Novice: 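Structure below; questions to follow.
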Amino acid sequence: MSSILVEQKAQSDSVENLSDSILISATYDGDKKKAVLKFYEPKEKKIYLWEDNTNHRPYCLIRRDKVSLETLRELRARKDVADIVDIEKLDLRGDRKIMVAKVITTNPLAIGGGVDSIRSITTTWESDIKYYENFLYDYEKGLIPGAFYRIQNSKIVPVEYDIPANVREALKKGLSRVDGDSASKIIEWAQLLGQPLPDIKRVALDIEVVPPEENRLPDPETADHRVIAISFVSSDGLKEVLLLRRKDIKDGQNVLGPEVNIRWFDDEQELLNAIFARINEYPFVITFNGDEFDLKYLCNRAKKLGIYEEQVPIQLGRDWAGLRRGVHIDLYKTFINRSLQIYAFGNKYSEHTLNGVAEALLGKTKIELDDFIGNLPHYELANYCYNDAQITFDLTNFSQEILMKILLVIARVAKMPLDDASRVGVSNWIRSMLSFDHRRMNALIPRKDELQEVGGASTEAIIKGKKYKGGMVVEPKSGVHFNVAVLDFASLYPSIIKVNNLSYETVRCVHEECKSNKIEGTEYWVCTKRRGITSLLIGSLRDLRVNYYKPIAKSPNLTKEQKDLYNVVSQALKVILNASYGVMGAEIFPLYCLPVADATAALGRNTITATINRCKELDIEVVYGDTDSLFLKAPSQEQIKEITNWASDKLGIELDLDKVYRYVAFSSRKKNYLGVMPDGIIDIKGLTGKKSHVPRFIKDAFYETVEILSKVQSTEDFEKAREDIRNDIRKRARALKAKEVPLDQLAFTIMMSKEIEDYKGTKPQHVRAAEQLKIKKGKEVKAGEVISFIKTLGSNGVRPLELAKKEEVDTEKYMEYLRSTFDQLLDALGYDFEEILGARTLDEIFWGGQS
DNA sequence: ATCTGTGGCCACCAGC
DNA sequence: GCTGGTGGCCAC
């Protein structure tokens, strides 16, 4: 028999059939010479390993500089070769005839370990074409991670899901307007993304280890210290803490609820075995920093204690910790992904720590310890550890498990195993997505040096040090404007890439006759003969989101599950689409092509400029605009209709009415405004008062004023608002001067983007504060963490919050900061800060109006 | 080892 | 005191 199916626990169970399951990943077992595919079966909620020694074919490595195009075409046509990859770089190692070849390939199901392990191989080179002894799984089947398959009579069969009737209807309407290639691509996406998102059975864990000394973390490499506690929280209701009983430690008081099961162990080895048994029960294991700490520590500790390797379910890689049979998701790596941070989680968190993320997304925090962790009584340790596992689990559970679902959708779109997708950035998602289609159409993936031949930038950036010119920002008309309609282009850049056929092989293409198809404002031209591959892929994804997923998510007669699915897919597509333009201009992206990014932005500027001109013709006043949006002053329904129809007809891009503000207040600054919606809800953009580093005290004052302004309905109301604002600011200014404001409310909170030592050149205030904290308290603020500090008189001008005293607060500085924060706001309304207080000097602000 | 882009505002640093 | 540069945070 060619294939056997291995169940998660019973290692040698041979099964020939497997009901609908999600493909997780595929690897190659070099010893057995077999492909191993990992599946998740959602009914039994188990992982199955499918071993297969069929359906894999050799790689073909070529030296592209030595191989002719004809030979390449022949190679592509051969059925006994799974993939053609070419050598990026060859290094001769010594006088042995061994070359180290850097290979370009990113097939997620490439046998040998996925994305990165194939990139560098050692081989002896005998000819310009070499069949590599390792194998690729039969990618021509188009196996997609995250998608459903079943196994019937030892064969892998894709599960066909019907496109729901309402999507089918929407598709029909839209598809009549696109070409055949796009239409089939869109249907393909719709079928893949319409597949259900099953429940994922999972357990979150967190471990505690005796630290070598206070404020120092145990080293997971050496794993010298005892594991003293571990907590599990799972999707099927498991809540437990495993504790190592230590003679020199008190029990303390149990504050955990009765639902939390506490298990005691006298022997650390038994504890570890119990931990591994639990891990084996779950197909998915969730940690926060498990790659670098928890799982790494457990694995190395087990080795140290002499536990047999086969009994340890963890496999350590260079910078990740995997599970032999399950899937490990390290949320630290997921939350550090900027794309997800901004587009999936609305930029709600900034600090990349468990506490920072959990506080922002869940409103839950870690338990603060006042004692050295090694001295904590057993039950207090249990409570602390349990809380961490609970928060970690909750991060995968909030908002209908949005995180797990979005990762699954991204795995499907990116054609990347879910655990890989959760660990890497957008450039790798998009690389994987594009590579998949290159292979399917038998196209060779271009090398960096080949792409470089397309050329450099054609425009000059406004900001020094940038590579090309970006979006256009319209000078705002300062003052208050009532009934402002905000229109924006739906997915502007992806739309431009679609409409204008932008791709690395179409911009500045080789055909003489295309050279007249110029992009205005640049020296570029675009191919008129062939459809560009990135244009097709990004364009079809865009169409799917804009024409189907966005409207369908809003439609009323949907089940809750359908609605959830549409929302999640729509979100995931937004993340991918938003990044698809950016990566084209990023050197690290393997398909980096500056002219594509440059041309996209140029066409964006042309689009918005043309629309502004059209508004002028229609007698509509444009008060502001930024990149893909226009703010129109009190347009009529007809005018809006006129302009949106025009955009759709003439530009081929949907211009949507996003919202109408009751009023908008612009200062003279770009990217700085305040808008009030009809229901009184306030949009604040870019104003200092909303920025995360601003002290609580200033934020509160700012938001109180905003609150007052939100009640304003008409021009006359502003008079009353002015009075209320004046009273409030005076009250707060007096409290500041009288040093009645608690210190923590005066703390600036700024992220350390680098380690302290890495700040060369200038030394900003927050870094100086971090230095003081390190010297005086031995507490180190690491990169990615936030430091709180107070602006003080003398001594460097700053003091970390922990060391500051009320008397040394630089009141004048804070007053100045308060004033500049309010200036942005009040400028727009035609007041000024001191005038509104009825005072001419700062001193009068403090004491004026007081009798 | 990891990394999507440019435009804009602000406070502060450091050199003159 | 002026000024260019840096760092942080934000808009899109």
Side-chain angles (χ1 to χ4, degrees), chain A residues 116 291-292 317-320 333 336-343 347 350 423-431 457 459-476 486 488-489 491-493 575-592 594 596-598 600-602 604-605 608 624-630 658 667-673 683-694 748-754 758-768 783-784 786-787 791 796-798 813 816-817 820-821 823-824:
Chain A
D116 279 307
D291 279 347
E292 292 298 321
R318 266 177 75 88
D319 50 4
W320 58 272
K333 297 228 169 95
I336 217 164
N337 183 318
R338 261 202 59 188
S339 269
L340 288 174
Q341 181 182 349
I342 295 171
Y343 294 108
N347 219 355
S350 51
R423 282 174 172 77
V424 300
V426 277
S427 64
N428 280 314
W429 295 343
I430 294 172
R431 158 170 83 162
T459 62
E460 203 177 316
I462 288 172
I463 301 175
K464 226 178 97 185
K466 301 287 186 188
K467 290 168 288 190
Y468 61 95
K469 188 177 283 197
M472 188 178 79
V473 188
V474 180
E475 194 73 47
V486 182
D488 55 18
F489 288 102
S491 299
L492 180 67
Y493 287 164
V575 175
I576 299 249
L577 284 172
N578 266 308
S580 61
Y581 143 78
V583 295
M584 299 295 172
E587 288 98 333
I588 51 137
F589 183 56
L591 296 175
Y592 168 60
L594 223 164
V596 173
D598 194 3
T600 309
R605 293 190 299 275
I608 198 162
Y624 181 61
D626 186 347
T627 311
D628 62 354
S629 68
L630 286 172
D658 181 29
S667 63
S668 51
R669 301 161 186 85
K670 292 172 174 177
K671 295 182 191 280
N672 267 262
Y673 63 87
D683 257 357
I684 298 164
K685 300 289 180 184
L687 302 185
T688 302
K690 80 174 281 197
K691 294 196 178 182
S692 62
H693 68 278
V694 170
F748 286 83
T749 48
I750 293 185
M751 159 105 62
M752 296 281 296
S753 63
K754 298 181 273 195
D758 295 338
Y759 285 88
K760 312 255 155 66
T762 60
K763 209 164 273 174
Q765 287 188 323
H766 67 290
V767 181
R768 292 212 298 255
V786 161
I787 167 107
K791 301 206 187 211
N796 257 336
V798 287
K813 263 270 165 3
E816 197 44 51
Y817 214 98
S820 80
T821 303
D823 267 351
Q824 291 181 358

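We use all heavy atoms of the structure for the numbers below, so side chains are in, but hydrogens, waters and symmetry mates are not. Everything numeric in this text was worked out from a predicted model, so none of it was measured. We name chains A, B, ... by the order of the sequence lines, and we start the count at 1 in each one.
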Novice: For the pair made of CG in A:Asn337 and C1' in B:dC3, what is the distance, rounded to whole Å?
Specialist: 10 Å
Novice: Across the strands shown, which category fits A:Gly582 at heavy-atom distances under 4.0 angstrom: base, sugar-phosphate, nothing?
Specialist: base
Novice: Please enumerate all residues that pass salt bridge (charged side-chain N to carboxylate O under 4.0 Å, His left out) together with A:Asp319, with sequence neighbours excluded.
Specialist: none
Novice: What is the separation between atom CG on A:Asn578 and atom P on B:dT4, rounded to the nearest whole Å?
Specialist: 13 Å
Novice: Looking only at atom types and distance, does a side-chain atom of A:Asn337 sit under 3.5 Å from a main-chain N or O of A:Val424, one as donor and one as acceptor?
Specialist: yes
Novice: Could you list where the contact with chain A starts and ends along DNA chain C, reading 5' to 3', using a 4.0 Å heavy-atom cut-off?
Specialist: C:dG5 to C:dC12
Novice: Classify the nucleic acid contact of A:Ser753 as base, sugar-phosphate or nothing, counting any heavy atom under 4.0 Å across all strands shown.
Specialist: sugar-phosphate
Novice: Within the supplied structure, the quantity of interest is the number of heavy atoms (other residues, nucleotides, ligands) at a distance under 6.0 Å from A:Lys763 NZ; does it exceed 12?
Specialist: no
Novice: What contact category does A:Lys671 fall into here, base, sugar-phosphate, or nothing, at under 4.0 angstrom with non-hydrogen atoms?
Specialist: base
Novice: What's the CD1-P distance between A:Ile463 and B:dG5, to the nearest Å?
Specialist: 12 Å
Novice: Given atom OH of A:Tyr581 and atom P of B:dT4, what is their separation to the nearest angstrom?
Specialist: 14 Å
Novice: So, is A:Ser339 near the phosphate of B:dT4, with a side-chain N or O under 4.0 Å from OP1 or OP2?
Specialist: no
Novice: Which distance, rounded to the nearest 0.5 Å, do you find between the CD1 of A:Ile684 and the NZ of A:Lys690?
Specialist: 6.5 Å
Novice: Would you kindly compare A:Ser629 and A:Lys464 by the position of their nearest DNA chain C nucleotide and give the one closer to the 5′ end?
Specialist: A:Lys464
Novice: Hey, does A:Tyr468 reach any base, or is it just sugar-phosphate, or nothing, if we go heavy atoms under 4.0 Å?
Specialist: sugar-phosphate
Novice: When we call it a touch if two heavy atoms are under 4.0 Å apart, what does A:Ile588 touch: a base, just sugar-phosphate, or nothing?
Specialist: base
Novice: Would you indicate what A:Ile750 reaches in the nucleic acid, counting non-hydrogen atoms under 4.0 angstrom: base, sugar-phosphate, or nothing?
Specialist: sugar-phosphate
Novice: Could you pull out all residues at least two apart from A:Lys467 that satisfy salt bridge (charged side-chain N to carboxylate O under 4.0 Å, His left out)?
Specialist: A:Glu587
Novice: Nearest-Å distance, CZ (A:Arg338) to P (B:dG5)?
Specialist: 9 Å
Novice: Students often get this wrong, so: under 4.0 angstrom with heavy atoms, is A:Ile684 touching a base, only sugar-phosphate, or nothing?
Specialist: sugar-phosphate
Novice: What is the distance, to the nearest angstrom, from the CD atom on A:Glu460 to the P atom on B:dT6?
Specialist: 14 Å
Novice: Send over the distance from A:Gln341 CD to B:dT2 P, rounded to a whole Å.
Specialist: 18 Å
Novice: Would you mind classifying the nucleic acid contact of A:Phe489 as base, sugar-phosphate or nothing, using non-hydrogen atoms under 4.0 angstrom?
Specialist: nothing
Novice: In whole Å, what separates the P atom of C:dC12 from that of B:dC3?
Specialist: 27 Å
Novice: Between A:Asp626 and A:Lys671, is a salt bridge (charged side-chain N to carboxylate O under 4.0 Å, His left out) present by the stated rule, with each step listed?
Specialist: CA-CA 8 Å; A:Asp626 186 347; A:Lys671 295 182 191 280; 2.8 Å; yes
Novice: List in chain and number order the residues that pass side-chain contact (heavy atoms from CB on, under 4.5 Å) with A:Ala579, two or more places apart in sequence or in another chain; answer none if no residue qualifies.
Specialist: A:Ser339, A:Val426, A:Ile430
Novice: Please enumerate all residues that pass side-chain contact (heavy atoms from CB on, under 4.5 Å) together with A:Val474, with sequence neighbours excluded.
Specialist: A:Met472, A:Ile612
Novice: If you look at every heavy atom in A:Arg669 and A:Pro476, which pair is closest and at what distance?
Specialist: O-CG, 3.5 Å
Novice: Using a heavy-atom cut-off of 4.0 Å across all strands, would you classify A:Met472 as base, sugar-phosphate, or nothing?
Specialist: nothing
Novice: I'd like to compare against my own output: the B/S/- annotation of nucleotides 10-16 of chain B with a strict under-4.0 Å heavy-atom distance to protein.
Specialist: SSSSS--
Novice: Just wondering, more than 12 heavy atoms not from A:Lys813 lying within 6.0 Å of its NZ?
Specialist: no
Novice: Which is more 5' along DNA chain B, the nucleotide nearest A:Glu475 or the one nearest A:Asp319? Just name the residue.
Specialist: A:Asp319
